Amino acid sequence: MVLPRRTPLYSLHRELGARIVDFAGWEMPVDYGGVVAEHMSVREEAGLFDVSHMGEFFVEGSDAEAFLQRLTPNDVSRLAIGQAQYSALTTERGTFVDDILVYRLDERRYLLVVNAANIEKDFSWIESRKTGDVSLRDESDRYALLALQGPRAAALLEPLTDVDLGSMKYYRFARGKVLDEESLVSRTGYTGEDGFEIMLEASGAERVARGLLGRGVAPVGLAARDTLRLEAKMALYGNDIDEEHTVLEADLGWIIKWQKGDFTGREALERQKERGVTRRLVGFEMIDRGIARHGHRVFVGGKSAETVTSGSFAPYLKKNIGLTYLPVESCEEGTEIEIDIRGRRAGARVAPTPFYKRGMKSA
């Protein structure tokens, strides 16, 4: 029997009254009693997420850049030291092994942050393709990761750190201390808001979390993290992206840098680009009452298409939204579709995405 894993903040989550669920083998807080309130705290003030279950790999060596260039579709050579990049591990078919963040630590060292559910799979995938002077280490157990998100994130964090947050641009990072704990602070996140992710030794995580919560930051669970990222149309591996849909179909073609040379999956993606995709990930909003959930069947012109990949009530927008793959001829905004919600077909229409952009006023 495999026991569920716990992050360094598990006791704190319990103390705060979190409802704990199993997530990818981890006992994680799904909410602290109010998903909508947690969601709104991030949109309007600031919220703190425990994302310590995510994986951290270090890739080092004189051939590290060339290796990651072959492994991912984005252009690693464009990363300056202190810069991060959204990218993916791709199969030969151009589909997703995982979506990842790549951080350039120095000339020969990179940090990869991967999804918790894929840590073992990703490590084996990368290790099996390793060539040249490259070393790979999984230090996921060593580090904790906290995400402070919201329009007040910078103001709340600034008094607690010696990192110059004011000069830090989006997708940049710096080393420094947060409440005297050595940290890597990056201006990244998964909510559509301004904010920071703080990576530090697991032993210091609870102290930093308590310090932030003590300044009025709200604890936020996985449920609100999901509604926040859906409003911002940020893809979730296992729902919206997987090993069955390509990067182009997922509407993430912007992470492919064709001019950089060869990478895993390039040939398949080039062929698909030339002939055009036949399906694409789009957003929709419900016309009829009801919330479309992951797995609900979608109908176009009365014919069964794919299923809802993500769906929820959007607390900030105050409407029911979702994502699904549709045939390209049905992807035009305003196209009406139907979704089978527990045996009842409910009307919806293709909607522009992202549903939410930073600074947008609440409905």
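Just so it is clear, the model here is predicted, and its values are computed rather than measured.
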Are any of the side-chain nitrogens in [X] or [Y] under 4.0 Å away from the carboxylate oxygens of its partner?
{"X": "Arg207", "Y": "Glu181", "value": "yes"}
{"X": "Asp31", "Y": "Arg19", "value": "yes"}
{"X": "Glu285", "Y": "Lys319", "value": "yes"}
{"X": "Glu243", "Y": "Lys121", "value": "yes"}
{"X": "Arg271", "Y": "Glu274", "value": "no"}
{"X": "Arg137", "Y": "Glu60", "value": "yes"}
{"X": "Arg266", "Y": "Glu92", "value": "no"}

Inset, instruction - Describe, in one word, how the ring planes of Phe58 and Tyr143 are oriented to each other, choosing from parallel (under 30°), tilted (30 to 60°) and perpendicular (over 60°). - result: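 Judged by the thresholds at 30° and 60°, the geometry between Phe58 and Tyr143 is tilted.
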Between [X] and [Y], what is the shortest heavy-atom contact and its length?
{"X": "Pro354", "Y": "Lys233", "value": "CA-CB, 4.0 Å"}
{"X": "Ala351", "Y": "Glu333", "value": "C-CG, 4.3 Å"}
{"X": "Ala174", "Y": "Val163", "value": "CB-CG1, 4.0 Å"}
{"X": "Glu306", "Y": "Arg279", "value": "OE2-NH1, 2.9 Å"}
{"X": "Glu38", "Y": "Gly33", "value": "OE2-N, 3.7 Å"}
{"X": "Phe57", "Y": "Ser140", "value": "CE2-OG, 4.1 Å"}

Would you say [X] has more than 12 foreign heavy atoms packed within less than 6.0 Å of its [atom1]?
{"X": "Lys169", "atom1": "NZ", "answer": "no"}
{"X": "Arg275", "atom1": "CZ", "answer": "yes"}
{"X": "Lys130", "atom1": "NZ", "answer": "yes"}
{"X": "Glu267", "atom1": "CD", "answer": "no"}

[X] vs [Y] side-chain heavy atoms within contact, under 4.5 Å:
{"X": "Thr307", "Y": "His296", "answer": "no"}
{"X": "Leu184", "Y": "Leu105", "answer": "yes"}
{"X": "Ile241", "Y": "Asp98", "answer": "no"}
{"X": "Glu65", "Y": "Ser77", "answer": "yes"}
{"X": "Leu213", "Y": "Leu48", "answer": "yes"}
{"X": "Phe49", "Y": "Leu148", "answer": "no"}
{"X": "Lys273", "Y": "Trp258", "answer": "yes"}
{"X": "Phe96", "Y": "Tyr237", "answer": "yes"}

Any side-chain to backbone donor/acceptor pair from [X] onto [Y]? Under 3.5 Å, distance only.
{"X": "Lys260", "Y": "Gln69", "answer": "yes"}
{"X": "Asn239", "Y": "Ser310", "answer": "no"}
{"X": "Tyr316", "Y": "Met360", "answer": "yes"}
{"X": "Glu15", "Y": "Leu12", "answer": "no"}
{"X": "Arg215", "Y": "Leu156", "answer": "yes"}
{"X": "Thr91", "Y": "Thr95", "answer": "yes"}
{"X": "Thr227", "Y": "His39", "answer": "no"}
{"X": "Asp63", "Y": "Ala66", "answer": "no"}
{"X": "Glu158", "Y": "Ala155", "answer": "no"}
{"X": "Thr191", "Y": "Glu193", "answer": "yes"}

Legend entry - Row check, Tyr110 ring normal vs Arg104 NZ/CZ: under 6.0 Å, within 45°: no
Legend entry - Six-ring centre of Tyr356, Arg43 cation under 6.0 angstrom, axis tolerance 45°: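 Yes - Arg43 lies over the ring of Tyr356, closer than 6.0 Å to its centre and within 45° of its axis.
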Inset, instruction - May I have the step-by-step check of side chain to side chain contact (heavy atoms under 4.5 Å, CB included) for Leu326 and Phe284, ending in yes or no? - result: CA-CA 11 Å; Leu326 288 181; Phe284 66 82; over 6 Å; no
When hydrophobic residues are tied together by side-chain contacts of less than 4.5 Å, even through go-betweens, does [X] share a cluster with [Y]?
{"X": "Ile255", "Y": "Val113", "answer": "yes"}
{"X": "Val114", "Y": "Tyr86", "answer": "no"}
{"X": "Val328", "Y": "Ile256", "answer": "yes"}
{"X": "Leu323", "Y": "Met286", "answer": "no"}
{"X": "Leu146", "Y": "Met28", "answer": "no"}

Legend entry - Worked check of side chain to side chain donor-acceptor pair (under 3.5 Å) between Thr131 and Arg70: CA-CA 10 Å; Thr131 58; Arg70 292 194 303 274; 2.5 Å; yes
Are [X] and [Y] linked by a side-chain donor-acceptor pair shorter than 3.5 Å?
{"X": "Tyr170", "Y": "Arg187", "result": "no"}
{"X": "Ser62", "Y": "Asp133", "result": "yes"}
{"X": "Asp50", "Y": "Ser52", "result": "yes"}

Legend entry - Passing option when Leu71 is tested against Thr90, Ile126, Val76 for side chain to side chain contact (heavy atoms under 4.5 Å, CB included): Ile126
Legend entry - Residues in side-chain contact (heavy atoms from CB on, under 4.5 Å) contact with Ser41, at least two apart in sequence or another chain: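 Per chain and number, Ser41 pairs via side-chain contact (heavy atoms from CB on, under 4.5 Å) with Ala218, Val220.
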Legend entry - Those residues that, when tested against Phe23, pass ring-ring contact (aromatic ring centres under 6.0 Å, His included) (two or more places apart):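 Once residues adjacent in sequence are excluded, the partners of Phe23 under the ring-ring contact (aromatic ring centres under 6.0 Å, His included) criterion are His53.
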Inset, instruction - Give the intermediate values and the outcome of side chain to side chain donor-acceptor pair (under 3.5 Å) for residues Glu197 and Gln149. - result: CA-CA 8 Å; Glu197 293 180 304; Gln149 298 282 291; 5.7 Å; no
Inset, instruction - Go through the steps for Val134 and Leu68 under the test side chain to side chain contact (heavy atoms under 4.5 Å, CB included), then give the verdict. - result: CA-CA 10 Å; Val134 174; Leu68 291 174; over 6 Å; no
Legend entry - Test log, rule side chain to side chain contact (heavy atoms under 4.5 Å, CB included), inputs Val298 and Tyr325: CA-CA 9 Å; Val298 177; Tyr325 285 88; over 6 Å; no
Inset, instruction - Supply the members, apart from Val30, of the Ile/Leu/Val/Met/Phe/Trp/Tyr cluster built from side-chain contacts under 4.5 Å; use none for a lone residue. - result: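 Cluster partners of Val30: Val21.
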Inset, instruction - Test Glu27 against Arg6 for salt bridge (charged side-chain N to carboxylate O under 4.0 Å, His left out), laying out the working first. - result: CA-CA 6 Å; Glu27 288 187 308; Arg6 295 174 176 175; 2.4 Å; yes
Inset, instruction - Mind running side chain to side chain donor-acceptor pair (under 3.5 Å) on Asp240 and Thr309 for me, showing each step along the way? - result: CA-CA 5 Å; Asp240 313 308; Thr309 57; 2.7 Å; yes
